[in-house]
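The model shown is predicted, which means the values in this text are computed figures rather than measured ones.
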Amino acid sequence: MCGIIGYVGNKEAYPVLLQGLHRLEYRGYDSAGVALIQDDIINIHKRQGKVSELEEYCIDRDISGHTGIAHTRWATHGEPNDVNAHPHFSSDKKMALIHNGIIENYQLLKTELINRGHEFASETDTEVLVHLVDDIKRNENVELAEAVRLALTQVVGTYAIIVISVEDPHTLVVARKGSPLIIGFGQNEFYVASDGSAIVEYTDKVVYLNDEEIAILTEGDDIHVKTIKNKVIPHYVETLEMSLNQLEKSGYEHFMLKEIFEQPRSIADSMRGRLNSAKEIVSLGGIIEYENHLLNARRIIIVACGTSYHAGLVAEYMLEDLVRIPVEVEYASEFRYRNPIIYSDDVVIAISQSGETADTLAAVELAKQKGATVLGICNVVGSSIARATHAGSYTHAGPEIGVASTKAFTAQVTVLTLMALCLAKRKGKIAKQKYTHIIHELENIPKRVEEIFKLDTHIKEIASYIKNFNNALYLGRNYNYPVALEGALKLKEISYIHAEGYPAAEMKHGPIALIDEDMPVVVIATIKGTYDKVVSNIQEVKSRKGKIISIVTEGDTVVKGLSDYIIEIPETEEMFVPLLATIPLQLLAYHVAIMRGKNVDQPRNLAKSVTVE
Ligand code: F6R
C-alpha cells in the first residue's frame, strides 16, 4: 500500500525517482507525485492516476534537482485526487514529506495544528506529519532530523516516511514503524525505497531500517541511525539479493502471465538445497533450530491473509494427515482481534508473500507476546514478518509483481510440504515407502506443471465461454477445497466476475439455490480421496442445469461425461493436486480478465502489499 522512494546525491533525481515509481506501482496506483529541491525552493508535481500520467504531466515542468522524493498512492484517508496525492508541503512550502502507512491519531493532531494556525490542503492523515514536523522545528528551534524524531513521538500508527527541506537541501530524513523501508548506498549518494525493486539497478548495498528508527542521509556523509527514543545505534549493511531481470516482463504481456509460467522454476527453487531425493533427505535450514518446538507443539496455528491463507489451508490438511499435530488456520485479521488462546507450546506459522501484510505482522507480534514460537514463510527477503518471527524459511519464488498472487502460492505450498515431510519423518509418522514415493513425486511437480501449460489454448476457449457470465461457483473437497477458494479469488480479483469457492458438499446447505443455466460451476474433481462424493455433487449441479467446468485427472471418463468442459491435469499424489490444479485456474482467470479488457497486473482497488489493516 503506497510506494515511496527518495534520492540524494549528484545525479539528477527525477529519472531515478520516476523509474522507482514504476517499479513500486504494484503497491498502489491511484495517484502519484514527486518533490524536488532546486536551490531554495521545492517543486512538487502530483497527479491523480497512474505513474505514466504523472510522467506525462511532468514533460513540460521543472524536474531538475539532485534531492527528491516520490510516492505512488493507494488511498486510505481522502479520495484519490491531485490534492490528496503525496508529497505534502509544510505551510511555507519549504519542507515536503511522503508517507506509507496510517496515522491513527491524525484528527487530534490536526485539530491542535489548526488551532496553532496551520492550514491544511488535503484530507489525508499524512499531511499532519509535515505540519507537525514544521511546527516543532520552528517552535523548538531544532534541526530537521530532531524535529522529525520529536514529531514521531506524538504519532500513533504506522509509517515509512521521507522528509526533505530546503534548509538541508542535501539530506533525506527517513523513519519507519510498521511499513517497510530500505536504504541503498551509492557513490556519496543514498537511495531510499519501500522495497529493493526500486533501487536494485543502482546498488546492492542496503540497510533495512527497523521499526521506530530514524536515519539521516546526507550526500557525501555516512548514514546516521537513531531510535525515536534518541539512542544512536549501529547499522548493518547487507547485500540485496535481487536481479534486475527478475523485475522485467521478459517478453510476456503481463507480469501475472510471466509469473504463472515461472512456476516450474519457482517451485524447483523453493525445493533447491532442501530436498535431496537421491539420499531421501528433506531439511529446511531456516527452521532446523525450531524443529523440536514443532514436533512437541500442542498445536500449530497458521495465520495469513488472502492467497497465503489458502496455502495455509492446504498445509493444514497435509500437516494433520502426515504429522498428526492439530492445526488451526486463521485469517490474521480475525486472529489478532479476537483475544485468541495461545499457549507457550503452540507454534504459530505466519505465511506472507510480501512479508509486510499489516494484519499478519500484528498476529505475529501478538503470538510472540503470548509466548508462542513464531515461524515465518515469506517470499520477500528481509521483510518485516521475516524479521519479526523467531525463524523461518523463504519461498524463493523471486519477486512477484502482478497484484494477483500466483507463483507465491505454489512456492508456499511447496515449502509447507517440505516442512510436513521433515516433521513426519522425524516423528516417525510416515512409512518409509510412502515417504520415498512422496519425495520423488514432489521432485516431479515442476515437470507436471510444464505439461499443464500445453493446455493454455484450451483454457483460453473455456475463458471465452466464462467471460460472459456475471457469477461463478468453484467447488472442491479435501485438498481441493482450498484450490476452489483460490480459483474463485483469482477470478473475482482480476476479472470482477463475482465468484465464490465452496466445499462441494456444503453446496446443498444454501448455494445450490443459485444454480441455473447462468451459473458456471468449476469443480476440482481429481481422482482419489472424495472423488465419488464429488461426482455426486456434480450430478446435483447438472440436474439443476448448471454449467460444469471440471478439473480432472488425465484419462478420467466419468466426470468428462458429466461436464461441459474439462481440463485434464497429470495424475499425482492427492496432497500435490493443489500444486497442479491451481495452475489452470490461474490461467483461466487471467484469460477471462484479458477478454473482459481488465488490467490484470493492477486490478482496481487493490495493491500488492497490504501494509494497512
Ligand atoms: C490475492 C492476493 C492477496 C494476498 C494477500 C496476502 O491474489 O494477492 O489475497 O495473498 O493480500 O498477501 P501476503 O501474502 O503478501 O501477506
Does the [X] side chain pair with the main chain of [Y], one donor and one acceptor, at a distance under 3.5 Å?
X      : Y      : result
Arg336 : Ala363 : no
Ser194 : Ile4   : yes
Glu259 : Gly402 : yes

Inset, instruction - Evaluate the salt bridge (charged side-chain N to carboxylate O under 4.0 Å, His left out) criterion for residues Glu201 and Arg23: first the C-alpha distance (whole Å), next the side-chain angles of each, then the deciding distance (0.1 Å), finally the verdict. - result: CA-CA 11 Å; Glu201 58 205 274; Arg23 296 224 191 276; 2.9 Å; yes
To the nearest 0.5 Å, what is the distance between [atom1] on [X] and [atom2] on [Y]?
X      : Y      : atom1 : atom2 : result
His591 : Ile494 : NE2   : CD1   : 10.0 Å
Ile524 : Ile549 : CD1   : CD1   : 11.0 Å
Leu361 : Glu356 : CG    : CD    : 7.5 Å
Thr72  : Asn100 : OG1   : CG    : 10.5 Å
Thr526 : Asn480 : OG1   : CG    : 4.0 Å

Inset, instruction - Using the six-membered ring wherever Trp is involved, compare the ring planes of Tyr309 and Tyr331 and label them parallel, tilted or perpendicular (cut-offs 30° and 60°). - result: parallel
Legend entry - His396 and Tyr394 aromatic ring geometry - parallel, tilted or perpendicular at 30°/60° bounds: tilted
Is there side-chain contact between [X] and [Y], with heavy atoms separated by less than 4.5 Å?
X      : Y      : result
Thr307 : Lys490 : yes
Glu253 : Tyr590 : yes
Glu540 : Met507 : yes
His458 : Ile462 : yes

Got more than 12 heavy atoms from elsewhere within 6.0 Å of [atom1], [X]?
X      : atom1 : value
Glu56  : CD    : no
Lys528 : NZ    : yes
Tyr317 : OH    : yes
Glu334 : CD    : no
Glu517 : CD    : yes
Lys598 : NZ    : yes
Lys447 : NZ    : no

Legend entry - Residue pair Glu262, Lys407: steps toward the salt bridge (charged side-chain N to carboxylate O under 4.0 Å, His left out) verdict: CA-CA 7 Å; Glu262 272 176 347; Lys407 63 177 179 170; 2.7 Å; yes
Inset, instruction - Identify the residue among Val521, Val558, Ile548 that makes a side chain to side chain contact (heavy atoms under 4.5 Å, CB included) with Ile538. - result: Ile548
Inset, instruction - I would like to know whether Val577 and Tyr479 meet side chain to side chain contact (heavy atoms under 4.5 Å, CB included); could you show each step before the answer? - result: CA-CA 7 Å; Val577 172; Tyr479 281 103; 5.6 Å; no
Legend entry - NZ or CZ of Arg604 within 45° of Tyr496 ring axis and under 6.0 Å: yes
Legend entry - Criterion side-chain hydrogen bond (donor to acceptor under 3.5 Å, both in side chains) against Glu400, the qualifying member of Ser405, Ser354, Ser266: Ser405
